[in-house]
Colleague: 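Shown below is the structure under consideration.
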Amino acid sequence: MDYQNYIDGRWVAASDGKTFEQRNPANLEEVTGHWPKSTREDAKQAIESSHAAFADWAAIGVCQRAEYLSKAVAVMKGRAEEIAAILTAENGKTLNESRTEVGSAVREMEFQIAQGVAMCGETVPSSTPGVFAYSVRRPVGVASIISPWNFPFNVPGRKCTPALISGNTVVFKPASLTPKAGKAFVDVFIEAGLPPGVLNFVSGGGGTVGEEMITNPLVEAISFTGSTGVGKGIQQSAAQKLVRTQLELGGKNPAVIMEDADLDKAADAVATAAYACAGQWCTSTSRAIVVREVAEAFNAKLLQRVQAIRVGDGRGDVDMGPVCGSHQLQSIMGYINIGREEGATLAAGGNRLTTDGMDQGCFIEPTVFTDVQPEMRIAQEEIFGPVLSVLVADDFDEALELANRVEFGLSSSIFTKDISRAFQFLEKTEVGLTHVNMMTAYREPQLSFGGVKSSGHGIPESGKTGIEFFTEHKVAFINYA
Ligand code: NAD
């Protein structure tokens with residue numbers, strides 16, 4: 001099937017007619033679609049269309065915008081099962097995980113629509129008698145939204161919704177591994193009757209389409225989720241034009257397990273957050289830091305859970321699907337080799353799976369390394385796959401120090417019954433999202449979501465800051481004396 005870009009209310013091919021192919025990671029023989037390999041010129045047209053649509057979209061008022069967006073949410077709910085099937089066939093995650101993603105997108109969108117309707121500036125008492133002082137929030141203009149393949153439906157939802165409800169227009173580029181999920185997202189807005197140009201969709205490479213979306217002078221805001229390396233490049237480029245950026249980047253998230261932890265609950269939470277979506281959540285647990293006293297007991301419980309994980313095609317009755325494509329497969333297998341060479345102990349997994357109908361897919365065993373040392377690459381770098389590194393610490397202070405001894409700062413957890421330790425951890429852990437006795441991946445749309453250190457930059461997504469990023473403040477003083 002040949003798919004197209006959606007620009008200015010019409011489906012169109014890339015201007016030079018080139019396409020790229022996408023395949024199901026559970027079975028690389030299955031082509032999921034051919035997509036426009038768009039040029040910079042295509043992206044430019046989309047940006048110009050969004051720019052032309054901006055004034056009217058900003059002027060119609062938030063209640064009418066909310067009507068369009070609420071209708072899109074209703075369409076989404078009605079199509080949830082169909083969308084989940086698209087996510088699974090394209091990304092590989094299990095059907096249950098795909099359903100959860102669609103449900104999360106719905107909740108994010110409902111919350112952001114409500115925020116938009118309630119959007120307000122400030123009125124403050126002026127220091128000059130007879131002067132009325134207030135501020136209003138205004139949309140910024142055209143927003144470039146660039147999303148990754150791991151949450152190809154929810155991430156566009158939590159970026160596009162606050163952008164659109166607050167009166168901006170959007171050019172959206174999906175990751176090249178998951179354009180069909182991106183199209184499914186755009187389709188619901190088309191069915192909701194969104195005016196032409198308000199939401200444009202362009203598939204293609206980061207170096208072409210993405211580059212235009214970063215450098216085009218008509219773009220006023222860039223919201224990007226992806227790898228830290230690409231994010232740093234975007235920041236450098238955006239700085240030249242003083243364009244605002246929201247960068248949600250990689251992670252190396254630790255779970256600290258103290259000697260007084262409920263080890264069953266801790267092992268459940270670590271196993272869930274390390275292997276759900278084949279370890280390809282930005283908030284996946286990739287390091288378990290266990291206090292020596294309970295390391296053996298925790299490892300035994302963890303390995304028991306890991307060995308019970310059923311891997312296979314996400315459309316079947318399984319717990320974990322394939323990783324998302326050949327590049328991911330090679331990169332993760334590369335890290336497993338690095339872990340072996342670095343001298344860590346391979347306690348579980350470590351192999352590509354090719355039996356039981358998995359020979360044409362990108363399946364990897366859930367993998368655990370123990371005896372991991374803090375400076376090893378598998379303890380420092382984001383692997384973004386079903387690979388967990390277990391480190392041992394002598395006590396709380398060392399565990400906290402190890403948790404922070406990485407360049408990333410996205411998410412963390414501590415498992416303990418000691419409230420004093422829990423609060424010390426909450427205070428000193430260097431992340432944007434942290435937990436006590438819960439998995440590193442837990443979050444809710446009502447609160448902001450973003451990382452610190454190399455995990456993020458700018459005003460975070462979601463929660464009340466979702467709309468903050470896409471609006472600017474205009475302050476007025478009126479002398480009525
Ligand atoms: P990626 O950086 O390779 O690509 C992300 C998007 O950027 C894609 O759409 C890609 O085409 C585009 N892109 C690539 N080069 C570009 C350029 N030069 N200019 C503009 N756009 C460009 O990341 P990925 O492999 O798709 O996603 C995985 C990464 O995303 C992981 O590091 C993961 O941790 C991170 N992630 C972070 C969060 C978060 O909220 N912090 C959420 C999900 C994923």
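This is a predicted model, so every value here is computed, not measured. Order of appearance sets the numbers: ligands from 1, and atoms from 1 within every ligand. Sequential numbering from 1 along the given sequence is applied to the chain's residues.
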Colleague: Would you sort out whether E468 and K464 count as a salt bridge (Lys or Arg N to Asp or Glu O under 4.0 Å), showing the intermediate values?
Modeller: CA-CA 7 Å; E468 178 70 31; K464 291 184 179 162; over 6 Å; no
Colleague: Which pairs of nitrogen or oxygen atoms, taken one from ligand 1 and one from the protein, are under 3.5 angstrom apart?
Modeller:
from: ligand 1; atom 1: 2 (O); to: S227; atom 2: N; distance (Å): 2.8
from: ligand 1; atom 1: 2 (O); to: S227; atom 2: OG; distance (Å): 2.6
from: ligand 1; atom 1: 9 (O); to: S147; atom 2: O; distance (Å): 2.8
from: ligand 1; atom 1: 9 (O); to: K173; atom 2: NZ; distance (Å): 3.1
from: ligand 1; atom 1: 11 (O); to: K173; atom 2: NZ; distance (Å): 2.7
from: ligand 1; atom 1: 19 (N); to: G206; atom 2: O; distance (Å): 3.3
from: ligand 1; atom 1: 23 (O); to: S227; atom 2: N; distance (Å): 3.4
from: ligand 1; atom 1: 25 (O); to: W149; atom 2: NE1; distance (Å): 2.8
from: ligand 1; atom 1: 26 (O); to: W149; atom 2: NE1; distance (Å): 3.2
from: ligand 1; atom 1: 30 (O); to: G226; atom 2: O; distance (Å): 3.3
from: ligand 1; atom 1: 32 (O); to: E382; atom 2: OE1; distance (Å): 2.6
from: ligand 1; atom 1: 34 (O); to: E382; atom 2: OE2; distance (Å): 2.6
from: ligand 1; atom 1: 41 (N); to: L249; atom 2: N; distance (Å): 3.2
from: ligand 1; atom 1: 41 (N); to: L249; atom 2: O; distance (Å): 2.7

Colleague: With a 6.0 Å cut-off (strictly less than), is the heavy-atom count around NE2 of H327, excluding the residue itself, greater than 12?
Modeller: no
Colleague: Given V372, which of I289, I378, V390 fulfils the side-chain contact (heavy atoms from CB on, under 4.5 Å) condition?
Modeller: I378
Colleague: Which residue pairs satisfy the side-chain hydrogen bond (donor to acceptor under 3.5 Å, both in side chains) criterion with at least one member in residues 242-252, sequence neighbours excluded?
Modeller: S223-Q246, Q235-T245
Colleague: Can the positive tip of K183 be found less than 6.0 Å from the middle of the six-membered ring of W11, inside 45° of the ring normal?
Modeller: yes
Colleague: Crowded around K241 NZ? As in, over 12 foreign heavy atoms under 6.0 Å?
Modeller: yes
